[in-house]
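No hydrogens, no waters, no symmetry mates; every other heavy atom, side chains included, goes into these values. First the proteins, then the strands, lettered A, B, ... as listed; each starts at 1.
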Number of protein chains: 2
Amino acid sequence: MEKSRKITLSEVAAQARVSPITVSRALRDPAKVSPEARARIDQAIRELGYVPNPAARALASGRTDVVGVIIPSVSNNVFADVTRGIYDALEGSALSVQMGNTRYSPLTEEELIRVFLSQRPAGLIVAGHDQSPAARAALIAAECPVVQLMEVGPAPIDMAVGLSHYEASRAGAAHLLAQGYRAPAFLGAQMDPRSQQRLQAFRDCLAQAGIGTDDPVVTTPEPSSVSLGCRLFADLLSRSPRTDAVLCNNDDIALGVLFEARRRNIRVPQDLGICGFNDLEMMSAAEPSVTSVAVDRLRMGRDAIGLIRDRLEGRGQPRGYALDLGFRLMTRDSTRRGG
Amino acid sequence: MEKSRKITLSEVAAQARVSPITVSRALRDPAKVSPEARARIDQAIRELGYVPNPAARALASGRTDVVGVIIPSVSNNVFADVTRGIYDALEGSALSVQMGNTRYSPLTEEELIRVFLSQRPAGLIVAGHDQSPAARAALIAAECPVVQLMEVGPAPIDMAVGLSHYEASRAGAAHLLAQGYRAPAFLGAQMDPRSQQRLQAFRDCLAQAGIGTDDPVVTTPEPSSVSLGCRLFADLLSRSPRTDAVLCNNDDIALGVLFEARRRNIRVPQDLGICGFNDLEMMSAAEPSVTSVAVDRLRMGRDAIGLIRDRLEGRGQPRGYALDLGFRLMTRDSTRRGG
DNA sequence: TTGACGGATGACAGCGCTGTCATCAGTATC
DNA sequence: GATACTGATGACAGCGCTGTCATCCGTCAA
């Protein structure tokens with residue numbers, strides 16, 4: 001087995017009869033190199049199979065082409081879609097991504113931000129607005145573009161892409177009331193800050209409608225799942241048997257409720273209205289189809305990268321820019337109770 | 001805003017009153033440094049907030065602590081779980097992961113393998129056994145551990161973790177026949193090599209059982225989704241109205257079939273048996289619960305990293321090692337037709 | 001014709017760390 | 001008491017690339 005030796009920039013330069021620095025420029029800013037030299041260099045690169053060494057580049061230039069992405073959990077459905085958006089938008093650029101998992105721990109998040117920043121990333125994407133003070137300070141001092149993802153808040157550290165979870169949830173709750181449901185409950189798993197806002201909106205909406213508040217809310221620290229939705233709904237029924245609708249903190253739970261209702265011969269939407277959150281693809285395919293608050297997760301990831309790329313290319317948004325992607329209430333059969 | 005200057009190894013060394021090289025050793029191999037020196041170094045690191053520069057380390061040592069993971073799609077449910085397993089297993093190690101997305105293109109895969117290998121990764125994980133000859137050659141020549149993930153095949157390039165998709169699918173098909181279904185069909189989306197094997201097992205199983213082969217198979221190049229499951233099932237019924245069971249290439253499709261059957265008042269399991277593949281969490285929560293071939297995706301990811309770490313620590317498996325994780329047929333209500 | 005200017009290219013040093021070899025004290029062996 | 005060996009530490013060079021400054025040539029206005 002012929003051990004293929006590492007090809008360096010200098011070897012490409014020798015073959016193309018130019019100096020190494022010219023090859024370097026041809027790679028990073030082709031406009032600065034004459035077309036003839038460029039052609040010879042390109043050919044040499046192809047012939048030798050040259051691949052640049054990112055470590056050397058990072059060391060010499062003091063920056064990397066890595067975008068750090070710090071999210072609570074890679075496996076969560078919602079983040080999976082956001083991640084896909086990020087990868088989509090990175091396609092064809094020289095940037096790559098490095099994922100960090102906070103596992104919902106502020107300390108881990110702080111440490112990750114510190115480590116990522118120490119590598120002088122091209123940009124940083126963090127989930128939410130609820131960083132610890134130390135983390136926040138580090139992000140403010142960061143020299144790279146920073147995007148806070150998932151929600152828009154009053155004071156972005158740098159830029160933000162997301163939506164108002166309060167408003168989105170409120171729309172769901174209002175819809176249930178508008179459909180004539182009079183005893184709606186809230187079901188949620190692991191309550192991150194965005195979930196808290198959604199719960200708050202639910203409570204406010206009920207209070208405003210003057211609906212007696214025995215606070216029909218069931219949550220748990222467990223991570224979300226469809227089975228959990230079944231269990232939470234069972235819990236809810238034993239506590240508040242008169243419940244006639246549920247606002248679910250996410251679609252997994254909503255689907256669990258749908259299945260559990262069927263098991264118990266509770267008719268949806270007549271006896272029970274179900275509204276989910278996120279609008280996963282399966283909600284429209286379900287029988288009955290399930291109302292959900294649609295959030296464009298793919299676009300959220302894409303736009304985050306877009307903002308970073310724009311900034312890197314000099315034509316970016318100013319500090320404090322917040323991009324509100326909004327939401328859409330997808331009204332479906334699970335809350336269609338007729339007049 | 002005080003611009004926090006970059007702390008280097010030398011500054012830590014100065015503060016700890018040792019030479020830089022000793023600090024370097026203390027970080028990489030603490031046993032080689034006296035306890036006193038180590039203590040001073042640790043304190044200096046903490047006081048200064050030193051974070052090593054991975055680019056400099058990579059450049060100097062000629063290797064990185066990055067495990068390359070090359071999979072067809074990050075967003076696919078199955079890979080999302082595998083990915084989580086990978087991140088889980090990486091926790092607490094110095095390794096990090098770099099994802100590459102082939103988007104099911106062999107050329108992209110080849111290029112990714114080339115680029116990843118040129119960075120001298122700590123290890124490489126690739127999905128499947130169907131690399132192009134050039135990609136295969138590159139992997140054979142690789143100096144790092146290589147794990148082929150998802151399936152076990154006859155001749156691993158280096159190591160492999162997965163299962164026999166043929167056997168797994170065959171178990172599902174056999175189960176349908178054993179339950180007395182006599183006109184089973186196969187439903188699949190985007191057919192990757194593993195899906196092809198599953199389809200082959202289905203066909204072989206039917207042929208062996210002497211079931212007349214009007215080849216009730218519906219597939220499509222579209223990526224999988226629940227709605228797609230609905231559509232494929234509708235297609236199937238118009239082509240082969242006598243179908244009494246479906247073996248689905250994955251659980252999304254199975255769920256779509258379940259919903260579509262309900263819409264059409266087809267009774268499950270009496271008039272239609274449904275068997276999925278992967279055993280996503282929701283299958284057990286569905287009503288009726290859905291039979292599926294369970295694959296331990298989390299463990300697959302974890303074990304892949306485990307193999308790489310073992311190898312890096314010198315106590316690894318030899319070339320050619322294949323770890324068969326097997327599968328479990330989860331028999332549930334969707335195929336429980338009674339006697 | 002002269003000087004100024006811009007485009008293309010190159011020389012040099014150094015980014016922060018580690019591999020290799022050298023050094024040196026302290027202990028074990030004969 | 002000389003030799004070999006071990007463990008802890010250090011000096012030095014260099015990994016492959018880029019930032020900075022310098023150089024060279026041709027073009028253009030005066």
Side-chain angles (χ1 to χ4, degrees), chain A residues 4-42 44-45 48-66 94 115 117-122 143 312, chain B residues 4-42 44-45 48-66 94 115 117-122 143 312:
Chain A
S4 73
R5 220 176 26 70
K6 198 92 175 185
I7 305 293
T8 72
L9 216 167
S10 305
E11 296 170 62
V12 174
Q15 170 123 350
R17 301 189 312 280
V18 292
S19 74
I21 199 72
T22 303
V23 178
S24 172
R25 266 195 289 260
L27 288 170
R28 286 174 299 150
D29 195 352
K32 282 190 177 163
V33 174
S34 67
E36 306 80 50
R38 215 160 50 207
R40 287 206 310 279
I41 291 169
D42 285 350
I45 287 176
L48 298 172
Y50 169 71
V51 181
N53 180 333
R57 177 178 299 194
L59 184 57
S61 69
R63 357 170 242 91
T64 65
D65 290 334
V66 173
V115 169
L117 281 179
S118 81
Q119 299 174 32
R120 296 182 174 275
E143 289 162 33
L312 292 176
Chain B
S4 72
R5 219 177 28 67
K6 198 91 176 188
I7 306 293
T8 71
L9 215 169
S10 305
E11 297 170 63
V12 174
Q15 170 121 350
R17 301 190 312 282
V18 293
S19 75
I21 200 70
T22 303
V23 178
S24 171
R25 267 195 288 261
L27 288 169
R28 285 175 299 150
D29 195 352
K32 283 190 177 163
V33 174
S34 68
E36 306 80 51
R38 216 159 51 205
R40 289 208 308 280
I41 290 169
D42 285 350
I45 287 176
L48 297 171
Y50 169 72
V51 180
N53 180 332
R57 176 178 300 195
L59 184 57
S61 69
R63 0 171 241 90
T64 64
D65 289 334
V66 174
V115 170
L117 280 180
S118 80
Q119 298 172 35
R120 294 183 175 274
E143 288 161 33
L312 292 176

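Among the protein residues, B/A37 comes within range of the sugar-phosphate backbone only, with heavy atoms under 4.0 Å from sugar or phosphate atoms but none that close to a base. Base contact: B/R25 has a heavy atom under 4.0 Å from a base atom.
Ranked by how close their nearest DNA chain C nucleotide is to the 5' end, B/L27 and A/R40 are led by A/R40. The residue among B/S34 and B/A56 whose nearest nucleotide of DNA chain D is located toward the 5' end is B/S34. For A/A55 and B/A31, each mapped to the nucleotide of DNA chain D holding its nearest heavy atom, the one lying further toward the 5' end belongs to B/A31.
Heavy atoms only, all atoms of each residue included: B/A16 and B/R40 are closest at O-NE, 2.8 Å. B/P54 and A/Q119 make their closest contact through CG-CD, 3.6 Å (heavy atoms, listed as atom of the first residue, atom of the second, distance). The minimum heavy-atom distance linking A/Y50 with A/I7 is given by the pair CD1-O, 3.5 Å. Contact between B/V33 and B/A37 at its shortest, heavy atoms only, is CG1-CB, 3.6 Å. Counting all heavy atoms, side chain and backbone alike, B/L48 lies closest to B/Q15 at CD2-OE1, 3.9 Å.
Extent of DNA chain D lying under 4.0 Å from chain B heavy atoms, first and last nucleotide in 5' to 3' order, is D/dA8 to D/dG16.
Rounded to 10 degrees, the angle separating the terminal axes of the helix from C/dT1-D/dA30 to C/dC30-D/dG1 is 30°, with each axis obtained from five end pairs.
A donor-acceptor pair shorter than 3.5 Å cannot be found between the side chains of A/R38 and A/S34.
Within residues 12-22 of chain B, the residues that place at least one heavy atom under 4.0 Å from DNA chain D are, in residue-number order, B/V18, B/S19, B/I21, B/T22.
Counting heavy atoms from C-beta outward, B/S24 and B/L9 have side chains that approach closer than 4.5 Å.
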